Peer 1: 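Pasting a structure here, questions to come.
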2 protein chains.
Amino acid sequence: MPPARKTALSSGSSSVQDYVKVIYAFTEWQDKPITSSQLAVRLGVANSSVSEMVRKLVELQLVDHRPYSAIELTGAGRRLALTMVRRHRVLETFLVQELGYAWDEVHDEAELLEHTVSDTFINRMAAKLGNPQRDPHGDPIPSADGTVHVPNAVQLEELDGGHTGRITRISDADADLLRFFSSEQIRLDDRVEVVGRRPFGGALVVRFGPTGSARELDLGDQAAAALWVHSDPHPGCLLAS
Amino acid sequence: MPPARKTALSSGSSSVQDYVKVIYAFTEWQDKPITSSQLAVRLGVANSSVSEMVRKLVELQLVDHRPYSAIELTGAGRRLALTMVRRHRVLETFLVQELGYAWDEVHDEAELLEHTVSDTFINRMAAKLGNPQRDPHGDPIPSADGTVHVPNAVQLEELDGGHTGRITRISDADADLLRFFSSEQIRLDDRVEVVGRRPFGGALVVRFGPTGSARELDLGDQAAAALWVHSDPHPGCLLAS
DNA sequence: CCCAATTTTTCGGCATGCCTAAATTTTGCC
DNA sequence: GGCAAAATTTAGGCATGCCGAAAAATTGGG
Ligand SMILES: [Mn+2]
Ligand SMILES: [Mn+2]
Ligand SMILES: [Mn+2]
Ligand SMILES: [Mn+2]
């Protein structure tokens with residue numbers, strides 16, 4: 001009889017949870033699966049640590065992996081990841097809405113708490129918050145049964161001049177950047193219009209805010225890549241089949 | 001130059017935090033300091049594990065300890081313990097008041113969360129709860145600056161017949177016992193009168209509830225020891241100097 | 001298509017915190 | 001006071017998750 005493979009349907013250690021969550025998050029807004037070294041950077045650990053942990057995740061049947069190739073979640077891995085993502089984002093929402101945190105202050109606290117709360121805790125907290133559909137940065141909150149709806153959105157960076165849209169998501173990877181957006185009064189759901197590019201790889205010029213009282217602003221690459229917009233259909237766009 | 005002794009004013013690992021908290025809690029309602037094996041039982045670890053960790057706690061200057069004798073907190077140890085006790089009890093209060101947990105369901109969840117919340121988190125949560133003075137079991141909540149007021153209370157077990165008082169605290173050590181008290185409608189602040197003892201080391205007979213509609217009840221030793229009462233002054237009691 | 005740069009894995013080690021078993025010290029009873 | 005029982009500490013090990021260095025595989029420019 002085989003040695004009773006570990007199921008890990010339960011939850012795994014907090015390291016396992018973070019690995020799986022980062023692997024999931026990497027493909028949330030684009031398709032390419034994460035590589036070993038990308039995972040290492042995002043987790044702040046050495047490449048060798050990732051190799052070892054990935055072997056363990058394969059044993060736990062949370063990821064599929066052929067040596068030297070990218071890492072992909074199994075069904076069970078995706079379920080676990082969605083649980084962790086839900087926990088993280090419900091907690092962030094609570095911190096902002098109930099405890100008065102600023103949106104740049106919530107990530108680190110949620111990063112730790114997500115591993116110690118129970119499902120009951122999160123479900124009751126979510127109910128108390130009115131089962132929010134997205135967190136303070138616009139990231140979608142999976143439901144308790146593991147379904148998510150990731151909005152159609154592109155990075156502002158990738159839009160050409162003339163396009164308009166609405167800010168759907170602001171990456172929370174860099175707290176300083178979030179503070180910059182705050183200071184510029186850039187918020188979720190603001191309308192935005194791409195005016196154009198400064199010449200020779202310069203900044204992206206955008207217009208923010210309600211159509212009447214819009215402010216024009218130059219955004220650097222980092223900033224433009226952190227803003228995701230739901231783009232309005234555009235006359236000049238032939239792909240709008 | 002000495003090897004820069006570790007201060008641990010920060011916080012220590014979650015094991016360190018639990019050890020210090022249990023050492024503190026042991027002397028919260030009585031005076032004798034905890035011994036190595038008592039600590040082991042309360043933490044659910046082997047005696048040898050305690051010996052090792054106590055050596056570490058001495059290095060961290062959180063406890064004083066001569067080999068083979070009892071373990072006592074230093075000033076820094078007591079401060080850390082009070083931080084942890086505050087966290088634990090604020091969390092329990094939140095779980096009951098805001099998330100609708102029953103009082104027998106909160107301990108295990110708080111036991112984990114206490115290690116991952118920040119001071120900001122706890123202080124804001126406490127403010128939101130109105131800075132409660134005690135948790136759902138009547139245990140006092142230290143303030144953020146580390147002051148506690150432990151009410152004068154004795155175990156119901158130790159009162160002789162005729163004494164009356166008010167329930168101040170219900171030990172949360174045993175969840176089954178808490179459920180028993182719930183089912184018997186015994187709550188914090190209920191009035192209680194000791195009627196007497198059943199003969200030959202039998203149960204303690206007590207009367208609960210408002211003076212008019214009181215219920216009489218037989219309590220076993222476990223139950224009588226878990227209930228702490230603020231005893232009214234009693235005519236027959238000569239110690240009421 | 002080949003080889004050097006890059007990526008990934010393997011190897012040996014370290015820190016934490018736990019365990020069991022074997023000393024060692026203390027305690028309490030005759 | 002002496003000695004057996006009980007409490008405590010020490011010794012040797014294990015699991016987890018991390019590291020740096022070395023080995024192995026992949027890759028991509030020429
Ligand atoms: Mn986040
Ligand atoms: Mn995390
Ligand atoms: Mn704890
Ligand atoms: Mn309590």
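This one's a predicted model, so the numbers in the text were calculated from it and none came from an experiment. Only this structure's heavy atoms are used, side chains among them; waters, hydrogens and symmetry mates stay out.
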Peer 1: Exactly one of B:R89, B:R78, B:R169 should register a salt bridge (charged side-chain N to carboxylate O under 4.0 Å, His left out) with B:E28. Which one does?
Peer 2: B:R89
Peer 1: Using a cut-off of less than 4.0 Å, is there contact between a side-chain N or O of A:Y19 and OP1 or OP2 of D:dC18?
Peer 2: yes
Peer 1: Distance only, no hydrogens: is a donor on one side chain within 3.5 Å (strictly under) of an acceptor on the other, for A:H88 and A:D135?
Peer 2: no
Peer 1: From CE of A:M53 over to C1' of D:dA15, roughly how many Å is that when rounded to an integer?
Peer 2: 12 Å
Peer 1: Given atom CD1 of A:I71 and atom C1' of C:dT7, what is their separation to the nearest angstrom?
Peer 2: 12 Å
Peer 1: Hey, does the side-chain of A:S51 have a donor or acceptor N/O within less than 3.5 Å of a partner on the base of C:dT10?
Peer 2: no
Peer 1: Verify the contact: side-chain N or O of B:S48 to OP1 or OP2 of C:dC18, cut-off strictly under 4.0 Å; return yes or no.
Peer 2: no
Peer 1: Between C1' on C:dT27 and OH on B:Y68, what's the gap in Å once rounded to a whole number?
Peer 2: 13 Å
Peer 1: Of the candidate nucleotides C:dC19, C:dT8, C:dG17, which contains the atom at the shortest distance from the side chain of B:A46?
Peer 2: C:dC19
Peer 1: Would you call B:D221 and B:R197 a salt bridge, taking side-chain N to carboxylate O under 4.0 Å as the test?
Peer 2: yes
Peer 1: Provide, to the nearest angstrom, the distance between the CZ atom belonging to B:R66 and the C1' atom belonging to D:dT8.
Peer 2: 13 Å
Peer 1: Would you mind reading off the distance between B:E52 atom CD and C:dT20 atom C1', rounded to a whole angstrom?
Peer 2: 11 Å
Peer 1: At under 4.0 Å, does any side-chain N or O of A:S49 touch on OP1 or OP2 of D:dC19?
Peer 2: yes
Peer 1: With a 4.0 Å cut-off on N to O distance, would you call A:K21 and A:E114 a salt bridge?
Peer 2: yes
Peer 1: Separation of A:D18 atom CG from D:dG17 atom C1', in whole Å?
Peer 2: 13 Å
Peer 1: Does a donor on one side chain and an acceptor on the other come within less than 3.5 Å for A:E109 and B:S118?
Peer 2: yes
Peer 1: Using atom CD1 of B:I34 as one end and atom P of D:dA7 as the other, report the distance to the nearest whole Å.
Peer 2: 14 Å
Peer 1: Is the ring pair A:H137/A:W103 parallel, tilted or perpendicular, if the boundaries are 30 and 60 degrees?
Peer 2: parallel
Peer 1: Ignoring hydrogens and angles, answer whether the base of D:dG17 and the side-chain atoms of A:S15 contain a donor-acceptor pair closer than 3.5 Å.
Peer 2: no
Peer 1: So, OP1 or OP2 of C:dT8: does either fall under 4.0 Å of a side-chain N or O from A:H65?
Peer 2: no
Peer 1: Which ones in residues 107-119 of chain A lie close to DNA chain C, meaning a heavy atom under 4.0 Å from one of its atoms?
Peer 2: none
Peer 1: Tell me: CG of A:N47 to C1' of D:dA22, nearest whole Å?
Peer 2: 14 Å
